[in-house]
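First up is the structure itself, then whatever we jot down about it.
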Protein chains: 2
Amino acid sequence: MTDTDSSLDTRHKARMERKKAVVDAAIAAATDKRGVLLVNTGNGKGKSSAAFGVLARALGHGLQCGVVQFVKGRSDTGEEAFFRQQPGVSWHVMGDGFTWDTQNRAADIASARAGWEQARAFLRDPAIGLVILDELNIVLKYAYLDVAEVIADLQARPAHQHVIVTGRAAPDALVEVADTVTDMGATKHAFKAGIAAQAGVEF
Amino acid sequence: MTDTDSSLDTRHKARMERKKAVVDAAIAAATDKRGVLLVNTGNGKGKSSAAFGVLARALGHGLQCGVVQFVKGRSDTGEEAFFRQQPGVSWHVMGDGFTWDTQNRAADIASARAGWEQARAFLRDPAIGLVILDELNIVLKYAYLDVAEVIADLQARPAHQHVIVTGRAAPDALVEVADTVTDMGATKHAFKAGIAAQAGVEF
């Protein structure tokens with residue numbers, strides 16, 4: 001090791017000691033433990049996959065989990081094939097496809113309503129530790145469900161239960177009551193560069 | 001159904017027909033199928049969990065997957081407990097903890113180097129369909145690995161292999177060569193509101 005390396009190492013250690021003090025203070029201040037409401041929104045990739053990553057994490061800690069997929073009608077996704085095999089997951093595909101595929105507003109509303117009844121069953125069940133409401137933001141955007149009713153049901157859930165809502169264009173009222181909101185921005189997207197949606201990455 | 005509903009439904013159908021034409025044209029234009037490089041960066045929650053969601057998705061399609069966790073030294077995470085039980089996943093925790101915890105630059109560099117050797121083994125193995133390099137951006141930010149060497153190894157990988165790199169502050173050179181880059185912005189974060197990092201959600 002050269003002198004320069006040694007001096008770099010010493011300065012690094014001093015800088016990291018200061019950083020650790022800041023981080024430790026923040027951790028010490030964050031003591032509240034309760035179910036959180038996470039919202040993954042924005043135009044970029046990762047909203048649903050982040051929810052499914054947390055699903056794996058929650059299963060690793062032994063939580064029972066419920067999933068309701070709004071909008072999406074396909075049942076050939078890798079995530080569904082994978083998680084349906086896992087004990088502890090109850091998976092429900094409640095959509096008929098994208099609104100531009102169904103082109104049928106009345107049918108879309110009926111599907112959203114049925115999806116919400118399933119969601120509500122999870123939100124009333126204290127045995128469920130994590131509920132994922134995939135693409136719920138889309139049905140709220142189209143006003144297929146009433147956002148006030150949805151928020152009331154979310155807020156009436158068991159105190160320890162975590163919920164993740166995904167989809168573009170999260171309504172302001174939902175962002176307002178959420179604990180963590182991530183806006184997933186598309187800096188770059190392979191699809192726009194002519195790369196097809198591929199099994200294992202996009203579905 | 002009222003007249004108003006019926007008129008709404010008709011206009012909805014016409015709007016969705018136009019939208020479907022646009023979407024279908026975009027899908028028809030995206031025909032390239034090959035391994036993609038995804039980068040999940042930004043200050044918000046979801047970078048690693050989105051990678052682990054794609055891992056579940058890839059396993060659901062029968063891909064063999066390799067994971068290297070840089071920086072993180074803990075082995076009590078839900079994702080590790082969960083995915084270690086799954087056939088098809090090779091999981092390696094190669095960090096010693098956050099740089100402000102180790103406070104030891106030489107040890108951090110040695111860990112990053114060892115992590116990269118494991119990553120390179122995956123990147124040279126055509127049997128691996130998906131490689132996750134969790135928190136790699138952090139070791140690049142601290143210059144513990146040479147970004148040009150990392151990019152050269154990424155670009156020399158098998159043509160069908162997908163790679164996901166996570167971590168704050170992705171270097172510009174990596175963003176440049178990536179296919180999809182998501183910037184996960186923290187609109188809101190529970191931790192800042194005094195809520196502790198909780199098992200099943202944050203780790």
Side-chain angles (χ1 to χ4, degrees), chain A residues 8-9 12-13 16-17 19-20 23 29-33 36 40 44-46 49-54 56-61 63 77-79 81-83 99-101 103 105-106 129-130 162 175 178-191 193-196 198-201, chain B residues 8-9 12-13 16-17 19-20 23 29-33 36 40 44-46 48-54 56-61 63 78-79 81-83 99-101 103 105-106 129-130 162 175 178-191 193-196 198-201:
Chain A
L8 254 177
D9 289 348
H12 175 88
K13 188 167 190 314
M16 290 304 130
E17 279 173 354
K19 183 153 186 172
K20 183 170 166 54
V23 172
T31 53
D32 195 6
K33 293 201 177 188
V36 287
N40 297 344
K45 176 171 171 55
S49 47
F52 297 134
V54 175
R57 181 172 281 173
L59 292 170
H61 286 289
L63 271 62
T77 63
E79 53 271 32
F82 178 77
F83 283 115
T99 47
W100 54 88
D101 283 324
Q103 301 178 10
R105 186 172 162 273
L130 171 68
H162 305 297
V175 167
D179 298 292
T180 296
V181 179
T182 305
D183 184 85
M184 301 191 175
T187 302
K188 235 181 180 181
H189 203 300
F191 183 67
I195 300 175
Q198 295 172 92
V201 178
Chain B
L8 254 177
D9 289 349
H12 175 88
K13 188 167 191 315
M16 291 303 129
E17 279 172 356
K19 182 152 186 173
K20 182 170 166 56
V23 172
T31 54
D32 195 6
K33 293 202 176 188
V36 287
N40 297 343
K45 178 171 170 54
S48 296
S49 49
F52 298 132
V54 174
R57 182 171 280 172
L59 292 169
H61 286 289
L63 271 62
E79 54 270 33
F82 178 77
F83 283 114
T99 46
W100 54 87
D101 283 324
Q103 301 177 8
R105 187 172 162 273
L130 171 68
H162 305 297
V175 168
D179 298 293
T180 295
V181 179
T182 304
D183 184 85
M184 301 190 173
T187 301
K188 235 181 180 182
H189 203 300
F191 183 67
I195 299 175
Q198 294 173 93
V201 178

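Labels below follow one simple rule: chain letters A, B, ... track the order of the sequence lines, proteins then strands, and each chain is numbered from 1.
Chosen from B:Gly60, B:Ser48, B:Gly200, the residue pairing most often with chain A at heavy-atom distances under 4.5 Å is B:Gly200. Ranked by heavy-atom pairs under 4.5 Å with chain A, the list B:Gly53, B:Ala186, B:Ala81, B:Gly129 is led by B:Gly53. Interface remark: of the candidates A:Val23, A:Asn40, A:Leu130, A:Val175, A:Val23 forms the most heavy-atom pairs closer than 4.5 Å to chain B. Taking A:Val36, A:Thr77, A:Leu63 one by one and counting their heavy-atom pairs under 4.5 Å with chain B, the maximum is reached by A:Val36. When A:Gly185, A:Ala51, A:Ala58, A:Gly44 are compared by the number of non-hydrogen pairs under 4.5 Å with chain B, A:Gly185 comes out ahead.
Inter-residue side-chain proximity for B:Gln198 and A:His162 is flagged as met; some heavy-atom pair is nearer than 4.5 Å.
Note that CZ of B:Arg105 and NE2 of A:His12 are 7.5 Å apart. Values are rounded to the nearest 0.5 Å. Of the inter-residue distances, the one linking A:Leu59 atom CG with B:Glu79 atom CD reads 11.5 Å to the nearest 0.5 angstrom.
When the salt bridge (charged side-chain N to carboxylate O under 4.0 Å, His left out) test is applied to B:Lys20, the partners found at least two apart in sequence or on another chain are A:Asp101, B:Asp24. By the salt bridge (charged side-chain N to carboxylate O under 4.0 Å, His left out) test, A:Asp179 is found to be paired with A:Arg34, residues two or more places apart in sequence or in another chain being considered.
Neither the backbone nor the side chain of A:Ala193 comes within contact range of chain B; no heavy atom of the residue lies under 4.5 Å from a heavy atom of that chain.
Side-chain atoms of A:His61 come within 3.5 Å of backbone N or O of B:Gly78 as a donor-acceptor pair. A donor-acceptor pair under 3.5 Å is formed between the side chain of A:Lys188 and the backbone N or O of B:Ala178. With A:Thr182 contributing its side chain and B:Lys45 its backbone, the two residues share a donor-acceptor pair below 3.5 Å. Looking at B:Arg57, its side chain does come within 3.5 Å of a backbone N or O of A:Val201 through a donor-acceptor pair.
Taking the six-membered ring where tryptophan is involved, the planes of A:Phe82 and B:Phe83 are essentially parallel, since the angle between them stays under 30° and well short of 60°.
Between A:Ala50 and B:Gly46, the shortest heavy-atom distance links the atoms CB-O, 3.9 Å. For the pair B:Ala190 and A:Thr180, the tightest heavy-atom approach, listed with the atom from each and the gap, is N-OG1, 2.8 Å.
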